[in-house]
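Please read all numbers here as calculations on a predicted model, not as lab measurements. Chain naming here is simple, since letters A, B, ... match the order of the sequence lines and numbering starts at 1 in each.
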Protein chains: 2
Amino acid sequence: MIELVGFDADDTLWHSQNHFDAAQAEFEAILGRYLDLSDRQAHDRLAAVERANVRLFGYGAKGMTLSMIETAIELSEGRITGQDIGRIVDLGKAVLEHKVEVMPGAREAVGAVAARHGVVLITKGDLFHQERKVAESGLAGLFHRIEIVSEKDMPTYRRVLAEFNLPPERFAMVGNSLRSDIEPVLAIGGSAVHIPYASTWVLEAEHKVDLESKRLLTVDALAAVPEAIALLAERAIGEPA
Amino acid sequence: MIELVGFDADDTLWHSQNHFDAAQAEFEAILGRYLDLSDRQAHDRLAAVERANVRLFGYGAKGMTLSMIETAIELSEGRITGQDIGRIVDLGKAVLEHKVEVMPGAREAVGAVAARHGVVLITKGDLFHQERKVAESGLAGLFHRIEIVSEKDMPTYRRVLAEFNLPPERFAMVGNSLRSDIEPVLAIGGSAVHIPYASTWVLEAEHKVDLESKRLLTVDALAAVPEAIALLAERAIGEPA
């Protein structure tokens, strides 16, 4: 029995990582004017700077932009020009400004799940940017609640479920990130539907999901989500709560 | 009759603007190495850049840092070095890292109000940074709810009150910002206690508050808040709802 279904937003209901990837490719092209770097070196150093800064910046495009600037100054040993740093600031602005492209079948999938269960949008990152994307997506009205959180970990999911007064056994999460959408939900006793996305941010790629879990299903498109939820709901009835 | 009291956080329950002011003073000192600028020119240009960027960045230290970098590149006509831009990034990090200094009497004032009314913390800005400050302040447990919002305007206050199922006439807000804490609350029919802070961010300084309103009291310290709320509650009984 599943009463509430959570949907991730970025790279689940709409595209996001492709914009970050495009910014990073441009960033590497700018750095290439200063250094004979393999792409991998710039990429790895940026990932390390982001990893160190995430405890201070949290997630989102503004933090990425500041980490890019820090990485560019460091790798160019201070030789990067003000004009090129201005270009990096503009890359960050482009990520914040891009139009929201809703995934095919998103509205139908959420609507079909909402006909049988409560539905909540659970997204992490920059509050201001996420609110804009939720509004622009046109999907906000489908959800019973929208939760913009700073981290998607076990305490966060427990807090959201406590607000709904619901045990984890009656909750399923739908998303693309094994680290943020699947691992913590399975760990607290919930169910999950994984929809892989073409590209995953390096800091999102680390996870400890048991891919053989009976409480996890993997599908390749949003259209398959309602049926996956129905199957997980049947399984949840069969399990002790 | 007042059932719910909202408390602002930055510059009401703990110091914040002094850290932003210190970063800006350092920023102007860095720029002074490139330009013969009066402080006012750097200050005014940064304010204009921040005003243009706030629709994209929202509030908080990361957006301020990116706006400082943009302003520095523009005013120095690209001559600013990578090393000095690295110093500006560090100024932003220092704002994000500073220890929370709770105002004298904050715990007692919130506690006294909480003994008679519901109390909610309503703060705007960067989700990640605000969560850290709330946790570090040690005050979180005093509040019935904590709302971190992207903007403090009439729709935001209406949404918060709708979640409490409360008409605005039964709500009072306590804060330092006439623009964010007082003006929208009076405009929807609520009451407010203003506690001026020594320094106000230029974008916060614009407001249209009727300082003669009977639903507004101004006090000079948190210790005076419980009595001010009691007085506003008496006045609210006398008014039609």
* **Interface residue of largest heavy-atom contact number with chain A, from B:V89, B:I80, B:L56, B:I73, under 4.5 Å** =>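 The option with the most such pairs is B:L56.
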* **Separation between CZ of A:F7 and CG of A:L13, rounded to the nearest 0.5 Å** =>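 Rounded to the nearest 0.5 Å, the CZ-CG separation comes to 6.5 Å.
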* B:M64 side, atom CE; B:I88 side, atom CD1 - distance, nearest 0.5 Å ->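 Atom-to-atom, B:M64:CE and B:I88:CD1 are 10.0 Å apart.
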* To do: Given side-chain contact (heavy atoms from CB on, under 4.5 Å), test B:I148 with A:I148 step by step and report yes or no.
  => CA-CA 10 Å; B:I148 300 172; A:I148 299 171; over 6 Å; no
* A:L139 vs A:V110, side-chain contact (heavy atoms from CB on, under 4.5 Å): CA-CA, chis, key distance, verdict -> CA-CA 9 Å; A:L139 300 177; A:V110 177; 5.6 Å; no
* Take A:V5 and A:V174, measure what side-chain contact (heavy atoms from CB on, under 4.5 Å) needs, and give me the verdict at the end. => CA-CA 7 Å; A:V5 176; A:V174 178; 3.8 Å; yes
* To do: Go through the steps to decide whether B:F171 and B:V160 satisfy the test side-chain contact (heavy atoms from CB on, under 4.5 Å), and finish with yes or no.
  => CA-CA 11 Å; B:F171 175 68; B:V160 171; 5.9 Å; no
* Selection from A:I69, A:V149, A:L127 maximising heavy-atom pairs under 4.5 Å formed with chain B ->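 Top option by heavy-atom pairs under 4.5 Å: A:L127.
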* Asked: At their closest point, which heavy atom of A:L161 faces which heavy atom of A:P168, and how far apart are they?
  ->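 So the two residues come closest at CD1-CA, 3.7 Å.
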* Asked: Side chain, backbone, both or neither: which part of B:V95 has a heavy atom under 4.5 Å from chain A?
  ->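 Neither part.
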Could you please show the donor-acceptor pairs under 3.5 angstrom between chain A and chain B, with distances rounded to 0.1 Å?
residue : atom : partner : partner atom : Å
A:N53   : OD1  : B:K93   : NZ           : 3.0
A:R55   : NH2  : B:E97   : OE2          : 3.3
A:F57   : O    : B:K62   : NZ           : 2.5
A:K62   : NZ   : B:F57   : O            : 2.5
A:E70   : OE1  : B:K93   : NZ           : 2.8
A:E70   : OE2  : B:K93   : NZ           : 3.4
A:K93   : NZ   : B:N53   : OD1          : 3.0
A:K93   : NZ   : B:E70   : OE1          : 2.8
A:K93   : NZ   : B:E70   : OE2          : 3.4
A:E97   : OE2  : B:R55   : NH2          : 3.3
A:E131  : OE1  : B:S150  : OG           : 2.4
A:S150  : OG   : B:E131  : OE1          : 2.4

